Chemist: 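Got a structure for you, written out below as structure tokens; questions coming shortly.
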Amino acid sequence: MIDIRLIRKDPERVKTILALRDKELPSLIDSILEIDCRRREIQARVESIRSARNSLSREVGKLKREGKDTSEIEKKVRELKEEIEALEKEMDSLGDDQLSMMMRIPNLPHESVPRGEDENENVEVRRWGEPRRLNFEPRPHYELGERLGILDFERGARLGGSRFTVVKGDGALLERALINFMLDRHREKGYIEVLPPHLVRSEILEGTGQLPKFEEDLYRCERDGLYLIPTAEVPLTNLFRGEILKEEDLPIYLTSYTPCYRREAGSHGKDIRGIIRQHQFNKVELVKIVHPEKSYEELESLVRDAEEILQLLELPYRVVELCTGDLGFSASKTYDIEVWFPSQGRYREVSSCSNCEDFQARRMKTRFKDREGRNRLVHTLNGSGLAVGRTLAAILENYQREDGTVEIPKALRDYMGGKSLIS
RNA sequence: GGAAGGGUGGCCGAGCGGUCGAAGGCGCGGCGCUGGAAACGCCGUGUGUCCCUUUAGGGGCACCGAGGGUUCAAAUCCCUCCCCUUCCGCCA
């Protein structure tokens, strides 16, 4: 959630910035401002009446102890109460309206974010590695996987429907090796490993921004009111919700391996073949909870931490800075890391690293006490470190040989019992 | 799932219809004492929101797990939900 005070202070500036994301947003700001104004006016009235009620009530107590008649005052208070209830009802409904609108406003892009409509206007920041020169036509990962017997799409669909895949044998081993490899690297960098719940309550999803706006993308367990997490960002970022941390507790670095569950509503027909877009996929996530003055340098190091995994795996990639129109809901600034896919002749996203500034912290009420004793909102960051399934697919494609076998990256061999080839 | 007992400030813990934002203790900060420290003494120390004056401050309102209700008045009584503890049942 963005700061309502920002809207009160300079609505035109907020509108200009939000228009960079979506041209529909500025009109929402006008409605919020109007409601906010009315709500506060009523609040002031309610509170002054309530103040009068409180002092009359105290009076009743005093008089009763003295054995005096209080029926006159009691009648007066009852009248005030009715007045309060009517105003309060109006105030609450305005408050609800305001909050639900505020919850649907995305974060403000940072001033450094390139302006643009959609992903075509994202800006490449750097490239690492040279795509291997293959003297044969590269096969797509799903073809390699099926031929090697490590990806089984047919049986996956039998079990869970479309966008579910069974990973077997050396494929399962490779996936597990990748998870351990990634977690170990992050742990060495000071990230605390966490195994969180995979089912969470709705307010947890509200904290990170998936709800109320993106209900359609989530799997929900109706009977229990719980949702399957779409990313470990959700439980990790919410870990300290409602807490007031000490300044010296910051920064907090967290890492977690979890499966991610996404309905992928609205992506029909996209990436239908292979394991690029699945309803369930494994991901190692990085989350940082930091001092607001440090969050942009923390974003840079977060991206580097994710990049290092690809460097160690010797997979060519590039880093892209998302433009204002392509930015996710909660993010102020985002870098995507894209790895090279030979069969597609292009780079595909394996990580998205964002600084959400105080947008999530405000929803979660995660604060810290600064040196002056003031409570301030923390800044939160998250990034994939990395999407495991897509990394596996990238390994299959980049390390394939003409005979359809796949070499195992050197960095992973110790994690695979010394194996160097999947055949 | 069944039974019982609980959820109060950074922590422990009292309060069970009015004078309670809440005793007392611990912790923390300041001051005093001291050569310095311990001990001791004094003072201070929750969060949110709105308004007024605006470096600083002053006032109102709300918050004692969450949401409703009863009452002139609720931390205190009633209802619903959530969570924790113990016992029983079930179970990886």
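Every chain is numbered from 1 and lettered A, B, ... according to where its sequence line falls, protein lines coming before strand lines. The model shown is predicted, which means the values in this text are computed figures rather than measured ones.
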Chemist: Mind checking Lys81(A) for me? I need base, sugar-phosphate or nothing, with any heavy atom below 4.0 Å counting as a touch.
Modeler: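 Base contact.
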
Chemist: I'd like to know if the side chain of Ser27(A) pairs up with that of Lys15(A) as donor and acceptor (distance under 3.5 Å, no hydrogens or angles considered).
Modeler: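 No donor-acceptor contact under 3.5 Å links the two side chains.
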
Chemist: Toward the 5' end of RNA chain B, which comes first, Asp36(A) or Arg65(A), by nearest nucleotide?
Modeler: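 Nearest-nucleotide comparison on RNA chain B picks Arg65(A).
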
Chemist: Considering only the C1' atoms, how many Å lie between A74(B) and C79(B), rounded to the nearest integer?
Modeler: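 Those two atoms are separated by 15 Å.
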
Chemist: Give the rounded distance in Å between these two atoms: NZ of Lys68(A) and C1' of C72(B).
Modeler: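 The distance from NZ of Lys68(A) to C1' of C72(B) comes to 17 Å, rounded to the nearest Å.
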
Chemist: Whole Å only: how far is the CD1 atom of Ile84(A) from the P atom of U71(B)?
Modeler: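 Rounded to whole Å, this separation is 15 Å.
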
Chemist: Expressed in whole Å, how much space separates the P atoms belonging to C78(B) and U71(B)?
Modeler: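 To the nearest whole Å, 16 Å.
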
Chemist: Can you label the angle between the Tyr191(A) ring and the His186(A) ring as parallel, tilted or perpendicular, going by 30° and 60°?
Modeler: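 Perpendicular.
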
Chemist: Using a 4.0 Å heavy-atom cut-off across all strands, classify Arg58(A) as base, sugar-phosphate, or nothing.
Modeler: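 Nothing, no heavy atom under 4.0 Å.
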
Chemist: Without decimals, in angstroms, what is the distance between Lys75(A) NZ and A73(B) P?
Modeler: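 For the pair Lys75(A) NZ and A73(B) P, the rounded distance is 16 Å.
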
Chemist: Between His379(A) and Ser295(A), does any side-chain donor sit less than 3.5 Å from a side-chain acceptor?
Modeler: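 Present: a donor and an acceptor within the cut-off.
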
Chemist: Quick one: which of His141(A), Arg139(A), Glu397(A), Glu143(A) gives a side-chain hydrogen bond (donor to acceptor under 3.5 Å, both in side chains) with Ser343(A)?
Modeler: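 With Ser343(A) as partner, side-chain hydrogen bond (donor to acceptor under 3.5 Å, both in side chains) holds for just one option, Glu397(A).
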
Chemist: If we ignore angles and hydrogens, is there a donor and acceptor under 3.5 Å between the side chains of Glu215(A) and Tyr227(A)?
Modeler: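 Per modelled atom types, Glu215(A) and Tyr227(A) side chains form a pair under 3.5 Å.
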
Chemist: For a quick check of understanding: with a heavy-atom distance under 4.0 Å over all strands, which category does Ser51(A) fall into, base, sugar-phosphate or nothing?
Modeler: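 Sugar-phosphate, no base atom in range.
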
Chemist: Could you tell me how far apart Glu66(A) (CD) and U19(B) (P) are, to the nearest whole angstrom?
Modeler: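 Taking atom P of U19(B) as the reference, CD of Glu66(A) is at 16 Å.
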
Chemist: Given the P atoms of G15(B) and G6(B), what is the spacing between them in whole Å?
Modeler: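 Per the computed distance, 12 Å lies between those P atoms.
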
Chemist: Is a donor from one side chain sitting under 3.5 angstrom from an acceptor on the other, for Tyr257(A) and Glu285(A)?
Modeler: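 Short answer, no.
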
Chemist: What's Lys365(A) touching, base or sugar-phosphate or nothing? Going by heavy atoms closer than 4.0 Å.
Modeler: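 It contacts nothing in the nucleic acid.
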
Chemist: For RNA chain B, please output the secondary structure as dot-bracket, reading 5' to 3'. Pairs are Watson-Crick or G-U wobble, both atom distances under 3.5 Å; mark crossing pairs with [ ], other-strand partners with |, unpaired with a dot.
Modeler: ((((((((.[[[..)..(.....]]]((((((.......))))))(((((((....))))))).[[[[[..)....]]]]])))))))....

Chemist: Mind checking the P distance from U76(B) to G65(B)? Whole angstroms is fine.
Modeler: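 It works out to 8 Å between them.
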
Chemist: Which class fits the ring pair His279(A) and Phe164(A): parallel under 30°, tilted 30 to 60°, perpendicular over 60°?
Modeler: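 Ring orientation, 0 to 90° scale: tilted.
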
Chemist: When the P atoms of U47(B) and A22(B) are considered, how many whole Å apart are they?
Modeler: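 Their P atoms lie roughly 14 Å apart.
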
Chemist: Whole Å only: how far is the CD atom of Gln43(A) from the C1' atom of A62(B)?
Modeler: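 Those two atoms, CD and C1', are 9 Å apart.
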
Chemist: Does Lys76(A) reach a base, just sugar-phosphate, or nothing at all? Heavy atoms under 4.0 Å.
Modeler: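 Here Lys76(A) touches no strand at all.
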
Chemist: If you check the Arg39(A) side chain, which of G48(B), C61(B), C50(B) turns out closest?
Modeler: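 Taking heavy atoms from C-beta onward, the closest nucleotide is C50(B).
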
Chemist: Closest nucleotide of RNA chain B for Val60(A) versus for Arg50(A): which of these residues is on the 5' side?
Modeler: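 Between the two, 5'-proximity favours Arg50(A).
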
Chemist: Taking atom C1' in both G13(B) and G18(B), what distance in whole Å separates the two?
Modeler: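 Rounded to whole Å, the distance is 24 Å.
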
Chemist: Expressed in angstrom and rounded to an integer, what is the separation of Met91(A) atom CE from C61(B) atom P?
Modeler: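 In whole Å, C61(B) P and Met91(A) CE are 14 Å from each other.
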
Chemist: Is the shortest side-chain N/O distance from Asn54(A) to OP1 or OP2 of C72(B) below 4.0 Å?
Modeler: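 Indeed not, no polar side-chain atom of Asn54(A) lies that close.
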
Chemist: Give me the distance, rounded to whole Å, that separates G67(B) from C88(B) when you measure between the C1' atoms they each carry.
Modeler: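 It works out to 31 Å between them.
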
Chemist: Looking at the side chain of Arg201(A), which of U47(B), C82(B), G18(B) is the nearest nucleotide?
Modeler: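 The listed nucleotide nearest to Arg201(A)'s side chain is C82(B).
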
Chemist: Listed in order of residue number, which residues of residues 4-14 of chain A have a non-hydrogen atom at under 4.0 Å from RNA chain B?
Modeler: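 Per residue number, the list reads Arg8(A).
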
Chemist: Would you say the side chains of Asn355(A) and Lys333(A) form a donor-acceptor pair under 3.5 Å?
Modeler: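 Result is no, nothing qualifies.
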
Chemist: Cut-off 3.5 Å, side chains only: do Glu264(A) and Ser267(A) have a donor facing an acceptor?
Modeler: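 Side chains of Glu264(A) and Ser267(A): pair found under 3.5 Å.
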
Chemist: Does the side chain of Arg40(A) get closer than 4.0 angstrom to OP1 or OP2 of U49(B) through an N or O atom?
Modeler: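 So the side-chain polar atoms of Arg40(A) never come under 4.0 Å of the phosphate oxygens OP1 or OP2 of U49(B).
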
Chemist: Expressed in angstrom and rounded to an integer, what is the separation of Glu206(A) atom CD from A66(B) atom P?
Modeler: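 Interatomic distance, CD of Glu206(A) to P of A66(B): 17 Å.
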
Chemist: For Ser330(A) and Thr208(A), which heavy atoms make the closest approach, and how far apart are they?
Modeler: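 Closest approach of Ser330(A) to Thr208(A): OG-O, 2.9 Å.
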
Chemist: With rounding to whole Å, what would you report as the distance between A39(B) and C12(B) at their C1' atoms?
Modeler: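 Their C1' atoms lie roughly 23 Å apart.
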
Chemist: Considering just the side-chain nitrogens and oxygens of Lys369(A), establish if one lies under 4.0 Å of OP1 or OP2 belonging to G10(B).
Modeler: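 No.
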
Chemist: Round to the nearest Å and state the distance from Glu47(A) atom CD to C52(B) atom P.
Modeler: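 Going from CD in Glu47(A) over to P in C52(B) covers 13 Å.
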
Chemist: Using the side chain to side chain contact (heavy atoms under 4.5 Å, CB included) rule, pick out the option among Ile252(A), Leu236(A), Leu254(A) that qualifies with Ile192(A).
Modeler: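 Answer after filtering Ile252(A), Leu236(A), Leu254(A): Leu254(A).
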
Chemist: Walk me through whether Phe281(A) and Tyr261(A) qualify under ring-ring contact (aromatic ring centres under 6.0 Å, His included).
Modeler: CA-CA 7 Å; Phe281(A) 61 95; Tyr261(A) 304 93; 8.7 Å; no

